[in-house]
Amino acid sequence: MGKLKLSPQDSQSRAYDSHLLSALNPQQRLAAETIDGPVLILAGAGSGKTRALTYRIAYMLEQGVQPWNILALTFTNKAAREMQERIAKLTDPELAHSIWAGTFHSIFARILRIECKYIGYDSAFSIHDSDDTLRVVKSVMQSLHISQQEFSPQMIRGSISKAKNDCVSWQQYDREKTGPYEHQVALVYAEYEKRMRRSNAMDFDDLLVNIIRLFDNNEDVLNKYRQRFSHVSVDEYQDTNQAQYRAVKLLVEPQNNICVVGDDAQSIYRWRGADIRNILDFERDYPNATVIRLEQNYRSTGTILKAANDVIKNNERQVAKNLWTENPEGDNIVLMHCQDERHEARSTASSISDCHMREFATYNDFAILYRTNAQSQPIEEALRMAGIPYRIVGGVSFFRRKEVKDFVSWLKLLVNPHDDEYVSRAVAEPPSGIGKKAMETAQAIASEHDQPLLQVFREARKYAELSRFANNLTAFAEKVFAFAGKSSTMSLSELAEMVLLESGLEKRLKDIDEEGDRLRNAEQVITHMSEVAAENEDITLTEYLEQVALVEEDTNKSENRDAVTLMTLHSAKGLEFPYVYLLGLEQGLFPLGKSDQNPDELEEERRLFYVGITRAEKALRISTCGRRFRFGETMPSSPSQFLQELDDSYTTVVGESASRSRQSSGMFDSSYNSRPVRKTYGRSRAKPDDTPVRKKLSFEELTAKSAGAAKKAPGGIAKGVKVQHPTFGTGTVQAINGSGDNTVVLVNFSSGQLKKLVLKFAKLTVVK
DNA sequence: TATTGTGTCTTTTTT
DNA sequence: AGACACAATA
């Protein structure tokens, strides 16, 4: 990940400088030394803003500020972790660890756990992720008889979320509603809030909103935290929303020892309610602020910086800045034209192999960035085939898989039995004999009496409408309460094991999934739990679940191995890599969807492109495909309009145009410089596209989490090949569809059965 | 009435 | 491909 640059940036630093700050340039140094009063650091990409921020905190410690009085708010857990590590290196790990560093959400959750009784919550409150939120919205819409065809639940969830991030309560929203859509939102919003209250649950936005509510209404509590956090800093300030802005303001007043760092050109979370005005208006909000501009870029070559500047200058709305570098010009930017995403993936893998050897680089030096998580699949496959180790940041998180969520929902239910959402999940999986009708009726009663759902279940016999369902309802409630009763006497993992078994989930997963992958995933939660518990002995179930909800799953264990990093452009913010690959620069993908029709959205996409370009230190390779598999079919794709914003003078175009590509499929260029090197990929690659592509993927390769171990077991599955299946016997492959993990093979078994099998899961072996 | 099977959209980006 | 709403069964 981002490395601490050890070489001093300013050779002019004077001899009597404090040892600590002598590694900073004058602006960075000013930033680090100004620890009292408001400070605004406008930091261009690669200008050492994290460096300034970490040195600033180290300097505070040196000046005698107590670590627990320091609060550092970041946007991602990764950034928080990294900051803490860097400070630890500069000072003392013990001290660094006592600093409050974390995301807005996790820090506020921590405070709310302690203080939530003042705003009417129980400290066992659950935290809903966006999936949960969507389900609650849908359920509320159902209760209110609002058509989900007419009003998309996703949109309504988005509107509610936006309202919260703008600090608009449902009462206020209701008063100010303008049209028929807003009218529906107001209805849902109000009922949603009531249900969340009743459920003793908060969604991500509530963590912000409720902190404000807490501070607004409880002066003593507010003062307590004002005193505790005497020095506050906020990273990526351009991405704060209204709620975050207000929460911070409440916290730092009246001392205003606040330091914010940001770059309006890197604001990429407008869609999440980020308000760029927060950074633009900082000087107005905090009079007498010291404003520091960091404009020297230490990260990238002159060429890369030129490209970045050329791109961003197309945005109308931006603060004038002058980002410059003393770094050498470096290599041209390579613009690679590919036929399709498989070609793009192979060419990327091959280019990495080349560069890895030629430049004596480590795999850690490479990053592959893309706009959407779905793009990772073909690349993973290509990297596995090329034997290149990789790690994926984000993506389809383990904790969002259905079976994992179902299991975790049971656990969450034990901590907070009042949470209606987790009741309804647990009721459905495993099937409990409680169906739609029963749930609807019970839900209506719960709303009417303003009671938690599970309470209604328990007292089902009291309600005539529920008499038909009473047996199943009370049985379910008993079960949950029985679990909760046992929970105090067990260790975390014992409890989890008990729940998995006795909820019936274990049996259910065995029944519906013969391969056992799903059960294994559920069991892996228990493993993960034990691992976390081993590191942190007295962690409670509540704390564990909070971590799962708010902290991106740390694929840690393998964090230190040498591997290429794959991630979305959003996750890449704040990071840097010597060699960066930007994929899928195509109209409709990047800029995504219809964002080219809306100037604001287009500018945000452009800033995202800017972020991508500026991640690169030494070399940048951008690729675009002539066609791409999207929405279930292959569609023609045209180059992104952003590519026109790059100048020919520093760009080297390689690869064929899509029309000429046919004859030379499988041949491609992979060089970084303007000396195109042609080479054949693999052994049996040079084939026209339409011939069934030979799959050389074993089960192990396809399921392997990392490519480190990817030994090539030439499975050779192709049309006409004879295969063996453990249960179906032998058969002949009729057809192959899809690619990567989604590859499906149609097999005609000698038993007469025609089966569609997902290659990833079907343990097929080739019969000679 | 609960469960299972079949068709239809869906798919940004993150906490 | 995967979730989800709706329709057919048990």
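Note on naming: letters A, B, ... go to the chains in the order of the sequence lines (proteins, then strands), and numbering restarts at 1 for each one.
At distances below 3.5 Å, not a single donor-acceptor pair connects side-chain atoms of A:R371 with backbone N or O atoms of A:F590. Side chain of A:Q587 to main chain of A:S638: no donor-acceptor pair is present (N/O by atom type, distance under 3.5 Å, no hydrogens or angles).
In this structure, A:R270 atom CZ and B:dT12 atom P are separated by 16 Å, rounded to whole Å. Rounding to whole angstrom units, CD of residue A:E601 and C1' of B:dT12 are separated by 11 Å. C:dA5 atom P lies 11 Å from atom CE of A:M141, rounded to whole Å. Separating the CG atom of A:D235 from the P atom of B:dT14 is a distance of 17 Å, rounded to the nearest angstrom. A:L473 has its CG atom 13 Å from the C1' atom of B:dA2, to the nearest Å. For the pair A:R81 CZ and B:dT15 C1', the computed distance is 14 Å after rounding to whole Å. To the nearest angstrom, P of C:dC4 lies 8 Å from CG of A:L134. Distance, A:L550 CG to B:dT15 P: 10 Å, rounded to whole Å.
Comparing A:I434 and A:S130 along DNA chain B, the residue whose closest nucleotide (by nearest heavy atom) sits nearer the 5' end is A:I434. Annotation: of the two residues near DNA chain B, A:A374 and A:V427, the 5′-most nearest-nucleotide partner is A:V427.
Nearest nucleotide to the A:Y269 side chain, out of B:dT14, B:dT4, B:dT15: B:dT14. With B:dT4, B:dT13, B:dT15 as the choices, the nucleotide that has an atom nearest any side-chain atom of A:R371 turns out to be B:dT13. Taking the side chain of A:F204 as heavy atoms from C-beta on, and the options B:dT15, B:dA2, C:dA5, the nearest nucleotide is B:dT15. Nearest to the side-chain atoms of A:K402 among the listed nucleotides B:dT14, C:dA3, B:dT13 stands C:dA3. With B:dT13, B:dA2, B:dT15 as the candidates, the nucleotide lying closest to the side chain of A:H105 is B:dT15. In the set B:dA2, B:dT14, B:dT15, B:dT14 carries the atom at the smallest distance from any side-chain atom of A:H570.
Ion pairing between A:K412 and A:D419 fails under the 4.0 Å rule for side-chain N and carboxylate O. A salt bridge does not link A:R384 with A:E381: none of the charged nitrogens is closer than 4.0 Å to a carboxylate oxygen.
A centroid separation of 6.0 Å or more is found between the aromatic rings of A:H570 and A:Y370.
Note on A:T568: every side-chain N or O is 4.0 Å or more away from OP1 and OP2 of B:dT12. Phosphate contact (OP1/OP2 of B:dT11, side-chain N/O of A:Q154, threshold under 4.0 Å): present. Residue A:N373 places at least one side-chain N or O closer than 4.0 Å to OP1 or OP2 of B:dT13.
By the 5.5 angstrom centroid cut-off and the 30-degree plane limit, A:F104 is classified as not stacked against the base of B:dT15.
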